[in-house]
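Contents: one structure, followed by commentary.
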Amino acid sequence: MKNKKLYILAILAIAFSSCKKELDEVNINPNAPEVAQPDYLLTGTTKATVDSYWGVTNNMNSSLLFVQHWAKVQYTEEDRFIYSNSSFTALWSTGYAQSIAGFNKIIELGDAQGNPNYKAVALVLRSWTFLLLTDAYGDVPYSQAGKIKQFVTPVYDKQKDVYYGILSDLKSAQAALDPAAKPIAGDVIYSNNIALWKKFTNSLRLRIALRIADKDPAKAKQVIDEIQAEGGAYIGSNSENAALKYDVSPQQNPVAASFETRNDYRISKTIVDKLASLNDPRLPVYASRTENPPQGYVGIPNGSTNSEASAIGLANSSKPGAYFLDPKAPGVILSYAEVLFDRAEAAARGFTTENAEDLYKQAITASLQQYGINGSDQITGYLGRADVQYDPANYKKSIGQQKWIALFGQGLEAWAEQRRLDYPQLTASVNTVLNGKIPVRFIYPGTEQSLNGQNYKNAVSSQGADLLTTKLWFDAF
């Protein structure tokens with residue numbers, strides 16, 4: 001009787017196992033891979049990150065307003081710095097949940113497949129993502145970020161430590177990138193060209209070295225010396241710009257996508273007036289003519305009230321130029337012009353023996369040529385203006401002003417550099433709500449207070465009040 005019961009139990013166990021196996025097989029999608037493919041993941045994660053960088057929340061509705069490249073002609077609350085703790089969630093949520101999580105997975109897959117180039121490219125893009133986050137918020141999760149199985153509530157690392165950490169990561173990525181190793185696929189920045197990734201990596205290291213230069217000049221010089229000792233090259237032409245190449249809808253540039261359905265933004269009066277005063281040939285590239293006669297270039301003053309902006313009117317103010325409204329306009333991450341400005345500054349600081357003035361002129365030339373301004377007379381005439389000349393006694397003013405112009409449209413980077421160099425010196429409207437100040441950081445998402453409360457409190461205690469006006473570590477002056 002006992003044996004009979006055991007036999008029945010065995011039959012039931014086998015039957016259950018068979019049913020479970022059949023159910024498992026039924027639940028497998030034969031058209032979907034069970035393991036993530038690094039090429040598809042690289043494409044999707046890169047696009048999500050660049051979309052966030054060029055998109056509405058982090059660019060058009062915040063940093064481009066702070067740096068007075070753009071202004072609002074309707075619903076002007078953000079241009080008067082009226083924000084809540086839910087206003088700046090997009091960079092945080094995209095950065096951590098999509099970008100860092102996706103790049104970490106590619107790093108893992110690169111290790112599993114023995115492909116160091118996948119791992120290194122993902123490490124470079126993850127480093128850029130962390131740079132965006134710390135430039136905007138200050139102290140952020142870094143060392144424990146993206147390790148959800150280990151750290152559900154990651155600590156916030158000090159901004160200094162985040163910069164030093166990503167510099168170390170980029171040095172490792174540079175060493176791992178190998179044009180002779182296994183190829184990669186799915187790269188929408190450099191079409192799988194590892195040699196160009198090596199140049200981009202060094203250029204990003206140079207950017208970060210200068211970000212910390214006012215706080216730790218010895219470390220900044222060390223980074224630049226290391227790049228030179230490695231024999232590393234930087235981005236060397238506009239054809240080598242780090243940029244995502246957009247296409248027609250639904251893969252269009254986020255700026256073009258916004259203007260397809262909304263009409264909230266105009267070019268800022270601040271930059272229109274500056275370009276006009278310099279007779280800068282980039283003005284008709286950066287701005288469209290007004291719809292109403294006399295069809296000139298008219299910017300909206302930043303910080304206008306709704307009634308003030310309405311009084312100027314949609315048809316009497318300039319949208320961004322056709323170049324930026326083109327669905328295929330590239331989403332630039334780091335340009336040749338920026339690299340030349342960075343090299344000029346490194347020379348001006350005594351970090352290198354290059355000629356700062358020559359590099360400054362090359363940088364302006366590269367920016368003009370980036371937008372199709374190639375006429376030698378135009379370029380020579382512009383460089384010859386007294387108000388464009390390089391001033392070695394105040395390199396921050398010369399480089400700061402021209403870099404601000406060259407970074408038009410890249411709100412987050414332009415804002416970081418304006419805070420660091422303190423040029424151009426911008427003025428807040430009397431209509432703004434920060435007592436004459438312009439925001440110098442994003443406030444943390446309100447969800448951090450409830451989901452990661454203790455670490456949020458520790459960050460605020462260390463860094464300062466969670467306000468738009470609390471200066472960050474890198475912002476020394």
Side-chain angles (χ1 to χ4, degrees), residues 49-73 76-81 83 87-92 94-95 99 128-129 131-137 207 211 241-244 246 253-259 262 264-272 274-275 282 285-287 299-300 302-303 319-321 323-325 329-335 337-338 341 367 370-371 400-421 423-424 426 428 432 438-443 468 472 474-475:
T49 310
V50 179
D51 283 352
S52 179
Y53 178 62
W54 274 88
V56 172
T57 305
N58 307 315
N59 196 36
M60 296 178 247
N61 222 31
S62 54
S63 55
L64 281 178
L65 307 179
F66 303 161
V67 82
Q68 297 184 13
H69 280 173
W70 287 23
K72 295 204 74 174
V73 69
T76 66
E77 285 75 16
E78 291 84 2
D79 213 354
R80 289 178 281 131
F81 314 144
Y83 294 99
S87 298
F88 300 103
T89 59
L91 181 61
W92 190 279
T94 300
S99 303
W128 174 54
T129 305
L131 179 63
L132 296 178
L133 288 162
T134 193
D135 282 347
Y137 298 100
R207 176 195 278 182
R211 196 79 95 234
N241 288 346
L244 190 151
Y246 283 103
N253 184 293
V255 174
S258 174
F259 274 87
R262 299 195 64 84
D264 297 349
Y265 305 98
R266 290 295 184 268
I267 192 168
S268 166
K269 184 178 187 298
T270 304
I271 197 165
V272 167
K274 175 55 69 175
L275 295 174
R282 287 167 289 195
V285 180
Y286 289 2
I300 293 284
N302 285 98
K319 294 180 182 180
Y323 177 95
F324 292 91
L325 299 180
V332 175
I333 300 170
L334 204 159
S335 69
E338 182 191 337
F341 280 123
S367 178
Q370 180 180 343
Y371 296 106
Q401 175 173 283
Q402 283 293 329
K403 198 175 196 180
W404 172 73
I405 295 172
L407 286 170
F408 180 80
Q410 289 179 252
L412 287 170
E413 184 58 27
W415 180 42
E417 287 298 82
Q418 193 278 331
R419 285 177 285 162
R420 183 179 70 85
L421 293 168
Y423 287 99
L426 304 174
T432 56
I438 294 172
V440 292
R441 65 180 291 271
F442 282 0
I443 51 180
L468 294 166
L472 303 182
F474 84 88
D475 187 2

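For the pair Tyr286 (side chain) and Ile405 (backbone), a donor-acceptor distance under 3.5 Å is present. Using modelled atom types, no side-chain atom of His69 and backbone atom of Gln410 make a donor-acceptor pair closer than 3.5 Å. Remark: the backbone N or O of Val67 is paired with a side-chain donor or acceptor of Trp404 at under 3.5 angstrom. Within the 3.5 Å criterion, the main-chain N or O of Asp79 finds no donor-acceptor partner in the side chain of Thr76. Checked by atom type and distance alone, the side chain of Arg419 pairs as donor or acceptor with a backbone atom of Val440 at under 3.5 Å. For the pair Arg441 (side chain) and Tyr137 (backbone), a donor-acceptor distance under 3.5 Å is present.
Between Met60 and Pro254, the closest heavy-atom pair is CE-O, 3.6 Å. Minimum heavy-atom separation, Thr57 to Ser62: O-OG, 2.7 Å. Closest heavy-atom contact between Leu325 and Ala256: O-CB, 3.4 Å. Nearest approach of Leu421 to Gly400, heavy atoms of both residues: CD1-CA, 3.7 Å. What you find for Asn302 and Leu65 is that their closest heavy atoms are ND2-O, 3.6 Å. Here the closest non-hydrogen pair linking Phe66 and Pro439 is CE2-CG, 3.5 Å.
Taking CZ of Arg207 as the reference point, atom CD of Glu413 lies at 3.5 Å (rounded to 0.5 Å). With rounding to the nearest 0.5 Å, the separation of OG1 in Thr270 from CH2 in Trp70 is 15.0 Å. In this structure, CD on Gln68 lies 5.0 Å from CD1 on Ile438, to the nearest 0.5 angstrom. Note that CG of Leu91 is 5.0 Å distant from CG of Leu133, once rounded to the nearest 0.5 Å. In this structure, OH on Tyr53 lies 10.5 Å from CG on Asn58, to the nearest 0.5 angstrom. Note that CH2 of Trp54 and CG of Asn253 are 6.5 Å apart. Values are rounded to the nearest 0.5 Å.
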Does the pair Asp135 and Arg211 meet the rule for a salt bridge (charged side-chain N to carboxylate O under 4.0 Å, His left out), with working shown?
CA-CA 9 Å; Asp135 282 347; Arg211 196 79 95 234; 2.7 Å; yes
Starting from the C-alpha separation in whole Å, work towards a yes-or-no answer on side chain to side chain contact (heavy atoms under 4.5 Å, CB included) for Ile300 and Lys72.
CA-CA 7 Å; Ile300 293 284; Lys72 295 204 74 174; over 6 Å; no
Determine, stepwise, if the pair Phe408 / Val285 fulfils side chain to side chain contact (heavy atoms under 4.5 Å, CB included).
CA-CA 10 Å; Phe408 180 80; Val285 180; over 6 Å; no
Checking Thr49 against Thr94 for the side chain to side chain contact (heavy atoms under 4.5 Å, CB included) test, could you report, in this order, the C-alpha distance in whole Å, the side-chain angles of both residues, the deciding distance, and whether it holds?
CA-CA 7 Å; Thr49 310; Thr94 300; 5.6 Å; no
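Taking the side chain as every heavy atom from C-beta outward, Gln370 and Val332 approach each other to under 4.5 Å. Here the side chains of Asn241 and Ser335 are in contact, with some heavy-atom distance below 4.5 Å.
Under the salt bridge (Lys or Arg N to Asp or Glu O under 4.0 Å) criterion, Lys274 pairs with no residue, sequence neighbours left out. Taking Phe88 as the reference, Tyr83, Phe442 meet the ring pair (Phe, Tyr, Trp, His ring centres under 6.0 Å) condition, with sequence neighbours excluded. Under the salt bridge (Lys or Arg N to Asp or Glu O under 4.0 Å) criterion, Arg420 pairs with Glu345, Glu417, not counting sequence neighbours.
Taking the six-membered ring for Trp, Phe259 and Phe324 have ring centres at least 6.0 Å apart.
A donor atom on one side chain and an acceptor atom on the other are found under 3.5 Å apart for Tyr246 and Asp51.
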